[in-house]
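Below is one structure, written out as structure tokens; the observations come after it.
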Amino acid sequence: MSLKESDVQQIAHLARLAVDQDRLPEHARNLSAILDFVEAMSAVDTAAVEPLAHPLEMSQRLRPDQVSEEDQRELFQSIAPAVEEGLYLVPRVIE
Amino acid sequence: MSVHTRTVAELSAGLAGGEYSSRELTESCLQHLRQPAADLNAIITVTADQALAAADAADRRRAAGDAGPLTGVPLVHKDIFCTRGVRTSCGSRMLDNFISPYDAHVVEQMAAAGMVCVGKSNMDEFAMGSSNETSFYGPVKNPWDTAAVPGGSSGGSAAAVAGRLVPAATGTDTGGSIRQPAALCGITGLKPTYGRVSRYGMIAFASSLDQAGPMARTAEDCALLLEAMAGFDPRDSTCVDREVPRYSEELAGDLSGVTIGLPKEYFGEGLDPEVGAAIDAAIEEYRKLGASFRDISLANTHLAVPAYYVIAPAECSSNLSRFDGVRFGHRCESPRDLEDLYKRSRGEGFGDEVQRRIMVGTYALSAGYYDAYYLKAQQVRRLIRDDFLQAFAEVDLILGPTSPTAAFDIGERKDDPVSMYLSDIYTIAVNLAGLPGISLPAGFVGRRPVGLQLIGNYFEEGRLLQAAHAYQQVTDWHRRSPEGDN
């Protein structure tokens with residue numbers, strides 16, 4: 001599997017990562033090497049094998065639908081990059 | 001007072017016997033951390049004030065007759081565990097400014113046992129690495145040979161224990177991150193069964209693989225630590241509700257009647273002959289202890305690292321999407337718009353290896369590739385798990401090397417991700433299967449330690465610790481220290 005620089009750009013966009021243009025060749029080389037490496041899996045026939053998502057094959061535990069967390073807005077917002085009147089601030093989205 | 005060479009069990013006895021108070025012990029430990037010889041870059045944050053307060057509380061508890069075996073004993077937490085009011089960086093620029101508003105379950109458990117946290121240990125960024133070189137805070141040095149890596153990702157924890165800075169540390173293991181650094185630093189480290197220890201407040205990397213565990217000098221110490229760490233926590237939906245055995249009371253006993261499997265795939269190509277010779281010598285010790293051996297095969301071993309490098313990045317790309325520069329963590333300067341805020345905050349906040357894995361995971365999960373990568377890897381994961389189930393129908397334990405080589409040089413594998421990944425070739429399958437595994441010191445290649453790995457069946461941590469303890473009763477590798485034997 002050989003990724004082109006444009007592939008890396010697209011992946012970085014999907015992952016919301018700003019990547020330096022001059023490092024695209026290096027990323028393409030490294031990501032291609034990793035994908036080549038994981039390609040080893042294609043040598044085994046797994047058509048009849050059920051995927052294993054959880055090592056103990058447990059099902060999701062449910063809890064009663066009750067409030068279990070108290071309001072800690074001030075504590076949580078004390079470590080936020082930008083807040084105002086209890087709201088998190090980001091650049092304007094709607095003009 | 002030279003207490004820094006003592007094990008957890010020895011310090012526990014000293015505290016119980018009134019030889020020293022936790023205050024004295026903690027002050028000595030903090031002083032030791034500041035010495036130039038301790039400059040391994042193993043500790044990112046020293047929490048002196050909180051530690052002394054915790055030590056005083058431990059002494060009061062002891063005076064009131066309410067002390068347990070760990071009360072008053074110092075430790076460091078890997079900086080992946082959230083600690084209320086203390087920076088929790090996860091080894092990343094992204095969280096360099098993150099003061100956690102809450103404690104991880106593991107942190108609560110150790111505090112409830114009366115342990116004194118003296119600091120937070122260095123680690124590979126977001127636990128992604130096998131050499132501790134991906135940390136935003138710089139590499140950790142191996143105390144046995146400062147030109148060598150300590151292993152990773154729990155490299156700071158391993159180096160701190162091996163360098164006799166602290167008697168115990170917490171670690172996490174997603175693909176070998178407790179066992180491999182334990183091996184490379186010559187200490188004992190246990191990765192419990194998936195679900196044995198709560199992941200609440202442990203910053204998530206790959207949620208179906210991540211598991212916390214103890215790192216210390218001896219199996220006995222790991223038993224004491226795991227007793228405190230393990231237990232049900234409803235805040236982690238994958239934490240298993242199952243009684244925690246008294247591991248430390250079940251260490252005695254010989255190994256007659258125990259059958260140990262030797263997987264041929266763990267002794268083949270890629271294993272350093274000197275590491276292999278140390279493991280062969282350990283096998284002889286186990287034979288003398290009464291264990292019998294059987295050759296087994298874990299036929300899909302060669303697919304473990306490839307499957308892992310799809311599953312772990314896929315889960316990491318999803319878990320790390322929460323770091324977006326909005327609610328906490330790093331935010332870029334003067335973002336033009338929301339997309340620019342996300343992209344630059346993440347591009348600046350994450351280092352190379354983390355970005356690489358996020359991109360691999362994003363690609364593997366993207367439309368049109370899901371079946372070829374993620375689904376395929378989960379199918380291979382079942383084959384790997386089934387190999388172990390089959391083996392455990394015939395044997396009680398599996399034995400082999402923890403890592404194919406002793407510690408490599410700092411910088412040696414930094415620019416070759418795939419060669420770095422192969423350092424975990426014997427540990428990764430255990431995480432994919434969710435099994436417990438332990439690494440214990442079993443010799444040296446030159447000055448650099450060799451680790452022996454034992455793998456057990458689900459929830460058989462007790463059996464692993466017992467087998468490790470038996471070996472440590474007849475060998476002294478775990479008593480060797482970079483400064484001489486103790």
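Below, chains carry the letters A, B, ... as their sequence lines are ordered, and counting in each starts from 1.
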At a 4.5 Å cut-off on heavy atoms, which part of [X] comes close to chain B: side chain, backbone, both, or neither?
X: V44(A); result: both
X: F37(A); result: both
X: R23(A); result: side chain
X: L62(A); result: neither

Practice task
Could you check which of P51(A), A53(A), S78(A) has the highest count of heavy-atom pairs closer than 4.5 Å to chain B?
Solution key: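 Heavy-atom pair counts peak at P51(A).
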
Exercise for the section: Give the member of V90(A), L56(A), L75(A), V49(A) that has the highest number of heavy-atom pairs under 4.5 Å with chain B. Expected result: V49(A)

Contact origin within [X] toward chain A - heavy atom pairs under 4.5 Å:
X: R84(B); answer: side chain
X: E348(B); answer: neither
X: V418(B); answer: side chain
X: L338(B); answer: both
X: L422(B); answer: side chain
X: F459(B); answer: side chain
X: A307(B); answer: both
X: R385(B); answer: side chain
X: F350(B); answer: side chain
X: A364(B); answer: neither
X: S317(B); answer: neither
X: D371(B); answer: neither
X: Y458(B); answer: side chain

To the nearest 0.5 Å, what is the distance between [atom1] on [X] and [atom2] on [Y]?
X: L52(A); Y: L383(B); atom1: CG; atom2: CG; result: 10.0 Å
X: L14(A); Y: M359(B); atom1: CG; atom2: CE; result: 11.5 Å
X: Y102(B); Y: Q72(A); atom1: OH; atom2: CD; result: 11.0 Å
X: N30(A); Y: E353(B); atom1: CG; atom2: CD; result: 8.5 Å
X: I358(B); Y: R16(A); atom1: CD1; atom2: CZ; result: 13.0 Å
X: Q379(B); Y: D45(A); atom1: CD; atom2: CG; result: 9.0 Å

Handout entry: Backbone N/O of E50(A) and side chain of R382(B): donor-acceptor pair under 3.5 Å
Key = yes

Exercise for the section: Answer yes or no: is there a donor N or O on one side and an acceptor on the other, between the side chain of R331(B) and the main chain of A80(A), under 3.5 Å? Expected result: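 Absent.
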
Exercise for the section: Provide the closest heavy-atom pair for P81(A) versus G325(B) in the form atom of the first, atom of the second, distance. Expected result: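 Answer, listing the atom of P81(A) first, then G325(B): CG-O, 3.5 Å.
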
Handout entry: Contact summary for P335(B) and P91(A), nearest pair of heavy atoms
Key =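 Nearest pair, atom of P335(B) first, then P91(A): CG-CG, 3.8 Å.
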
Selection from [options] maximising heavy-atom pairs under 4.5 Å formed with chain A:
options: L432(B), V305(B), N97(B); value: V305(B)
options: D352(B), L435(B), D386(B); value: D352(B)
options: Q355(B), R344(B), R336(B); value: Q355(B)
options: V360(B), N300(B), V326(B); value: V326(B)

Handout entry: Derivation of the side chain to side chain contact (heavy atoms under 4.5 Å, CB included) call for F328(B) and Q77(A)
Key = CA-CA 8 Å; F328(B) 56 87; Q77(A) 293 202 332; over 6 Å; no

Are [X] and [Y] close enough that some pair of their side-chain heavy atoms sits under 4.5 Å apart?
X: V38(A); Y: Y421(B); value: no
X: T238(B); Y: Q60(A); value: no
X: V310(B); Y: M41(A); value: yes
X: I11(A); Y: S366(B); value: no
X: E26(A); Y: D415(B); value: no
X: V240(B); Y: M58(A); value: yes
X: L35(A); Y: Y363(B); value: yes

Practice task
Could you walk me through whether L17(A) and Y342(B) pass the side chain to side chain contact (heavy atoms under 4.5 Å, CB included) test, one step at a time?
Solution key: CA-CA 7 Å; L17(A) 284 170; Y342(B) 291 150; over 6 Å; no

Practice task
Determine, for R61(A) against D241(B), whether the closest basic-nitrogen to carboxylate-oxygen distance falls under 4.0 angstrom.
Solution key: no

Handout entry: Distance-only donor-acceptor check, side chains S42(A) and K376(B), under 3.5 Å
Key =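 Note: S42(A) and K376(B) side chains miss the donor-acceptor criterion.
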
